[in-house]
2 protein chains.
Amino acid sequence: MSDSCFVVRLNRYLDLTPTEKTAIASLEREPREYASGNTLWQEGDDLSELLIVHQGWALSESRLSTGKRQILRFHFSGDLIGASGIAFRDAPSSIVAATDMVVCRFPRRALGETFIQHPRLAALFFSISQMESIDLYDRLRALGRSEGKARLANLFLSIAARMRAVSGQHNPVVRIPLTQSDLGDAVGLTQVHVNRLIRQMTEEKLITRNRSTVTLLDEPRLIEISRFIDRFSSLDSSWFPSPRG
Amino acid sequence: MSDSCFVVRLNRYLDLTPTEKTAIASLEREPREYASGNTLWQEGDDLSELLIVHQGWALSESRLSTGKRQILRFHFSGDLIGASGIAFRDAPSSIVAATDMVVCRFPRRALGETFIQHPRLAALFFSISQMESIDLYDRLRALGRSEGKARLANLFLSIAARMRAVSGQHNPVVRIPLTQSDLGDAVGLTQVHVNRLIRQMTEEKLITRNRSTVTLLDEPRLIEISRFIDRFSSLDSSWFPSPRG
DNA sequence: CGAGCTTTTGAATCGCCTCAAGGCCGGTGG
DNA sequence: CCACCGGCCTTGAGGCGATTCAAAAGCTCG
C-alpha cells in the first residue's frame, strides 16, 4: 500500500515508524471529490469529521454580517482541515474549494484513539497546530502593521514557501488560483485596490501575474518590503516522546 | 497541596483526575517574579521552558524592522506561554509583562512525558491550542475587514470575555492595563487615532475609560458593531480518550 | 517640583474605499 | 461560427478613514 498523502506530509517532519504509518493510513476513509467553487462545509456546521487534502486547494473563510469576507487560511495537499474546530462542535469558518479537489475524511473520534496509541503522533499534531498558529501571527502582523503592497508581497511569499516545501523545488513561478477579489479578501483590501497594487508591483518588476500564476521576479526585494520570515522549513522534535512499535 | 493555577485553568474544561492533577502540578517549577515592563524573552531567543501565568498580565508582541509593533496575544492567569514556539527552537514573538507578574516555569521536555502518560491531557492541550487558533481567526477577521471602532469594540469584548471566564463574574468594569499605544498596536491603529475613537465611543455612551479600566456601558451595541462571538465558553471533549488513574 | 510618561487636540496628507463605466476573455447556445 | 453573457480585470473621480507631524496639557513618581 502506498503512503497516503497525510503520511507523506507528516513524514516530512518526522521519520514515522511502519506502525505509525499504518495507524494514520487506517484512519483515512474513502476519498471524496469536490468541484472548484463548492463549499465543503459552512460556518456553524456540526463537525463529525476532519478532512485531509489529497489534491487541490481549499480556503477557509468567514463572513461578516455586512457581507464582507475574510479569507483565513489556505489549505494545500497534506493539510488537515477542521482541526481548528475540534475544540468546539461547530465549524468556526467555511471551507470552499478553490480548485477541483480530492479529500480524505478522517473521523474525529479516531483522534482520541490515536493520542493513546501513538503519543509521538499526538506531539506531532500538537506541533503542527502550533506552526499554524505562528503562521497566523505573521498574517496578523502583516494585516495590522503593514500597507497594501507589503501585505500582498507577504501573501505571495508565504504561499510560495508552502508550495515549495511540498514540491521540494524552488520555482519563481507559483500557481495561485485566486482572483483579485480573493487576494483582497485574504489581505484585507478591496479588489480594486489589489488591481492597482499589482499593476504597481508589475511596473516595479517585483512580480508578474496572469490568470492563476504569479511569478516572483525579485524575491529579495519582496522579502525586504514585507519582512517575510519563512517558518515552514523545519520542526523541532527534540521534546517528542520516543516512537512505539 | 492546593491546586496550581494551571490545574485550575485546565479543570475548567475537564474534570481532572487526582493523578492528572498531580502530574500537572509536578511539572511546575518554582515561581519567578517579573516587574511590569520587563521582557520575559525576546523574539528569536532559544526556548527551553514554557511559562504558566500565575498572576498578572503579559503580552506577546513582534516588531517590524520599521520599529512598528504588533501585539499578538494577551496572556492571563492560567495561560500557557510559549507553546506557539514549541514547533521551533526559537521564540516567534517577545513576551513582555504588562503588570507585575508571577510565572511558573515548565520544562519543555516534560511535555513529551506528559503526552505518553496522560493522553487525555495531550488531547486537552491540543484543544486549547485550537481554541487559541480560533481566537486568532477572529482577530484576523477584525483587522482585515472592520474599521477602527469595531476593532476596538472587539478587543474590549474579547478581553472582557476571557477575564469573566476566569473570574466567573460578569462585571461591566474591566481592568485593562494598557495604554492607548498598546491598544493601537493590538488592533493595528495609531495611538492618536485610538484616542479619537475612544472619545467618540465615550460620546456615544458605548464605553468609558480611565487609566487602566474600561467600562462597557452598552454591550449589546458593542457586540453589534464588532460582530463579536464569544468562543471561550465551552469545550467539546467528546472525542477525548478516557482518563487513566 | 521637575522628568518622563500618557493623553489630548489640530492641520495637512495619504492610503484605501466606493461608485461607476468600460474592456477582455472563455463558454454556451442559436 | 458568431453573438451573447457572465466573470474577471482595468481605470477614473471623489470621498473618508487613518496617518503623520506637532505642540501642549495632564499624571505619577521620585
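Chain letters run A, B, ... following the sequence lines, proteins first, then strands; residues in each count from 1.
- Each of A/Arg151 and B/Ser181 lies near DNA chain C, and the nucleotide nearest B/Ser181 is the one positioned closer to the 5' end.
- In this structure, the nucleotide among D/dA18, C/dT8, C/dC16 sitting nearest to the side chain of A/Leu189 is C/dC16.
- For B/Thr179, counting side-chain heavy atoms from C-beta on, the closest listed nucleotide (D/dT11, C/dT6, C/dC16) is C/dT6.
- Atom CG in A/Asn210 sits about 12 Å away from atom C1' in D/dC9, given to the nearest Å.
- Checked for salt-bridge contact, A/Asp138 and A/Arg227 miss the test: no charged N lies under 4.0 Å from a carboxylate O.
- Shown here is A/Gln200, whose CD atom has more than 12 heavy atoms of other residues, nucleotides or ligands within 6.0 Å.
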Decide yes or no on side chain to side chain donor-acceptor pair (under 3.5 Å) for B/Ser93 and B/Glu61, but give the supporting numbers first.
CA-CA 6 Å; B/Ser93 63; B/Glu61 60 177 43; over 6 Å; no
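- Between A/Arg151 and A/Glu147 there is no salt bridge, since no side-chain N of the basic residue sits under 4.0 Å from a carboxylate O of the acidic one.
- Atoms CG (A/Leu178) and P (D/dC8) sit 12 Å apart, rounded to a whole Å.
- With rounding to whole Å, B/Asp185 atom CG is found 14 Å from C/dT6 atom C1'.
- A donor-acceptor contact under 3.5 angstrom links the side chains of A/Ser62 and A/Glu43, judged on distance only.
- Backbone-only contact: B/Gly188 has heavy atoms under 4.0 Å from sugar-phosphate atoms and none from a base.
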Taking only nitrogen or oxygen atoms into account, show me every contact under 3.5 Å that the protein makes with nucleotides 18-24 of chain C, one pair per line with its distance.
| unit_1 | atom_1 | unit_2 | atom_2 | d |
| --- | --- | --- | --- | --- |
| C/dT18 | O4 | A/Arg196 | NH2 | 3.4 |

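- A side-chain hydrogen bond (donor to acceptor under 3.5 Å, both in side chains) check over residues 94-105 of chain A, counting only residues at least two apart or in different chains, returns the pairs A/Glu30-A/Arg105, A/Glu49-A/Arg105.
- The CG-P distance, from B/Leu197 to C/dT8, rounds to 12 Å in whole Å.
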